[in-house]
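Reminder, nothing fancy here: chain letters follow the sequence lines and each chain counts from 1. Since we're looking at a predicted model, the values are computed, not measured. No hydrogens, no waters, no symmetry mates; every other heavy atom, side chains included, goes into these values.
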Protein chains: 2
Amino acid sequence: MSAISTPARTTDLPAAALNFPVLSNDAGWRCQGSLWSTLHEVCELLHIPTPTNSHNEDALFQHVRYKAGQRIHTIGQQFENLYIVNSGFLKTVLIDEYGNEQVLSFPMKADLLGIDAIYTQRHASEAVALSDCDVILIPYKTFSALGRTYAELEQAMFSAMSRELVREQAMISMLSSLSAEAKVARFLTNLGERFGQLGYSNKVFNLRMTRHEIGSYLGLTLETVSRTLSAFNELGLITVDQRQIGIIDPVSLKALRRLPPSKSRIKVSKIVSEKMSEKVSALVSKNLLPQWSPELAGALN
Amino acid sequence: MSAISTPARTTDLPAAALNFPVLSNDAGWRCQGSLWSTLHEVCELLHIPTPTNSHNEDALFQHVRYKAGQRIHTIGQQFENLYIVNSGFLKTVLIDEYGNEQVLSFPMKADLLGIDAIYTQRHASEAVALSDCDVILIPYKTFSALGRTYAELEQAMFSAMSRELVREQAMISMLSSLSAEAKVARFLTNLGERFGQLGYSNKVFNLRMTRHEIGSYLGLTLETVSRTLSAFNELGLITVDQRQIGIIDPVSLKALRRLPPSKSRIKVSKIVSEKMSEKVSALVSKNLLPQWSPELAGALN
DNA sequence: CGGAAGTTTGAGGCGCATCAAGTGTGGTGG
DNA sequence: CCACCACACTTGATGCGCCTCAAACTTCCG
């Protein structure tokens, strides 16, 4: 991961002369693309309405290309830009006090990066390209100014940050209450759905990340991830060929859970398992069964 | 938790007649306080600079009092207000599809509630008073309008949301990489620090939440929380008397960790444990030792 | 072609959940 | 006022889910 194969740096960036937020940092060389996007194009990418009365003389936003392995920003780096993924796949990671990586997300097209830097004015996490990427650079100063002009923009930003907050809350809930199988199952279906929203197949796709990165993201070891994928494969829920995933039975995958973690609430779990255990265990091997699923619960009423 | 002892609802709310964001929901009766705060007072509470040129004719913000057990907002409830805690202690929880509670945070004075509702315009979580509370109500419409006037306000909001994002990221990291002991230790020291910032003692304080709620927050069972507290007590790191906690050795508590979860990075862990194991294990019983702490790492160089 | 990195699979062990029983405690009603 | 009950907490016994360690295999890339 951290071994970045830095391509030979041929020339210095001419853009450094501009009073634009300077592009040079130690995260690695970036091949400066010639593409620039208008505010309208950016809004379209993010699926937010273009501000009314926006003029063409509004700022243009620079595209920057990154090769797989390069970092978009690093922890502690001065905050200057927000980033929007235009194409490619990345990961964001936290590095703890002892050098351990914690994967936080796998951003892809239309995702927004860098908002965790607003508070301290320094990036709290690191974003690394998992494939070649095209990223749109939004200078925060420019964004702020635009926000003062177009209230819709500011509103969209609040909305995006709120959504991210909710996503992380769901992550927290998942991390502390789901079994390893359920985590992997959800990971696969969520990834499929995201690919689907981007126009790709939601059934067959390539994992861009290693088992290790998946494990870090889900709070598991890479061995557990590998074993779980193999188990799903044997059960006929998915097909696995290295990083090529085919989702065969998305319904069962989504239903895959574990018993409620404790006596938090209703005490039906025991009844369910007593009534259904032999029946269920006959259906699927091990405890990879979609037990405690809505269907099951409904079937008992 | 979910068994709220709803006080006898004596009369209906007279305030429902106002065109103010209506105070009546099914979350329970609220004793309407007579207190109102100015924008200046709110900014002071949040430790953000009061907008320059702000006039006294700016909106006033209503205080609302809640008794322990009452809900400030519920999941799915229409989003109308942000809330700022003026006094008291609460918890925010997510309820999953099967009724299980997931505690997300324990807000106290100066904390902001409700920002996770901006995205969907419905509250994604539930806020419950753990003690009698005084909460300031900020109608989102009012806030938006003020934000358009005072750019500093909007900036402060972005900052607050970004901070919350970073906090949740740290939570995710902790949930997936720390041992039970380390989680509880961090929980105690963090809580102490927060009390300290509010002017209370950071060494001696009362837990306002049950072991079950702590467990939910940390991704543990209540039994494990209880056992860990007892163990810390026997080791002389803290004192425990029901919910009364005394922190005796904050340094060791903070240093308390676990080995890196895997071969994520540097491979010194083995060397460390080989060199130090007998020495360390002689110092403290079990594996409650502050191993892999900065001090230890430094001691080997 | 060789080495590094990623992946799979197995064997074994430990951390924490689970189940269970008993003790304290605060609130409620007799 | 005390008795009672629901609830919170403690502590022990047991088991299993997932981590850890290890070895072989595959893929990729210089």
Student: Taking NZ, NE, NH1 and NH2 as the nitrogens, is one of them in Arg194(B) or Asp111(B) under 4.0 Å from a carboxylate oxygen of the other?
Tutor: yes
Student: Salt bridge between Lys91(A) and Glu101(A), side-chain N to carboxylate O under 4.0 Å?
Tutor: yes
Student: Between dC19(D) atom P and Glu181(A) atom CD, what is the distance in whole Å?
Tutor: 11 Å
Student: Is Gly219(B) touching bases, backbone alone, or none of the nucleic acid, heavy atoms closer than 4.0 Å?
Tutor: sugar-phosphate
Student: In whole Å, I'd like the distance from the CG atom of Leu222(A) to the P atom of dC18(D).
Tutor: 15 Å
Student: If the threshold is 4.0 Å, N to carboxylate O, is there a salt bridge linking Lys254(B) and Glu193(B)?
Tutor: yes
Student: Ala180(A) side chain: which of dT11(D), dC18(D), dC21(D) is closest?
Tutor: dC18(D)
Student: Per the atom types in the model, does the base of dG17(D) pair as donor or acceptor with the side chain of Arg227(A) at under 3.5 Å?
Tutor: no
Student: Please report, rounded to the nearest Å, how far the C1' atom of dA8(D) is from the CG atom of Leu207(B).
Tutor: 13 Å
Student: Just how far, in rounded Å, is P of dG15(C) from CG of Leu220(B)?
Tutor: 14 Å
Student: Which residue, Arg211(B) or Gln242(A), contacts DNA chain D at a nucleotide closer to its 5' end, judged by nearest heavy atom?
Tutor: Arg211(B)
Student: I want to check one thing: is the phosphate of dC9(D), taken as OP1 and OP2, less than 4.0 Å away from some side-chain N or O of Arg243(B)?
Tutor: yes
Student: Can you tell me how far P of dG6(C) sits from CG of Leu229(A), to the nearest Å?
Tutor: 16 Å
Student: Kindly write out the residues that satisfy side chain to side chain donor-acceptor pair (under 3.5 Å) with Ser105(A), not counting sequence neighbours, or none if the list is empty.
Tutor: Thr92(A)
Student: At under 4.0 Å, does any side-chain N or O of Thr224(A) touch on OP1 or OP2 of dC19(D)?
Tutor: yes
Student: Rounded to whole Å, how long is the line connecting atom CD of Gln244(B) with atom C1' of dG24(C)?
Tutor: 17 Å
Student: Over how many whole Å does the gap from Glu223(B) atom CD to dG15(C) atom P extend?
Tutor: 18 Å
Student: Could you tell me how far apart Met209(B) (CE) and dC9(D) (P) are, to the nearest whole angstrom?
Tutor: 11 Å
Student: Would you please indicate yes or no on a ring centroid separation below 6.0 angstrom for Phe106(A) and Tyr217(A)?
Tutor: yes
Student: Is the phosphate of dC18(D) approached by Thr221(A) (side-chain N or O, under 4.0 Å from OP1 or OP2)?
Tutor: no
Student: From dA13(D), dC21(D), dG6(C), pick the nucleotide closest to the side chain of Thr210(A)?
Tutor: dG6(C)
Student: Check every atom of dG10(C), dT7(C), dC16(C) against the side chain of Ser179(B) and return the nucleotide holding the closest atom.
Tutor: dC16(C)
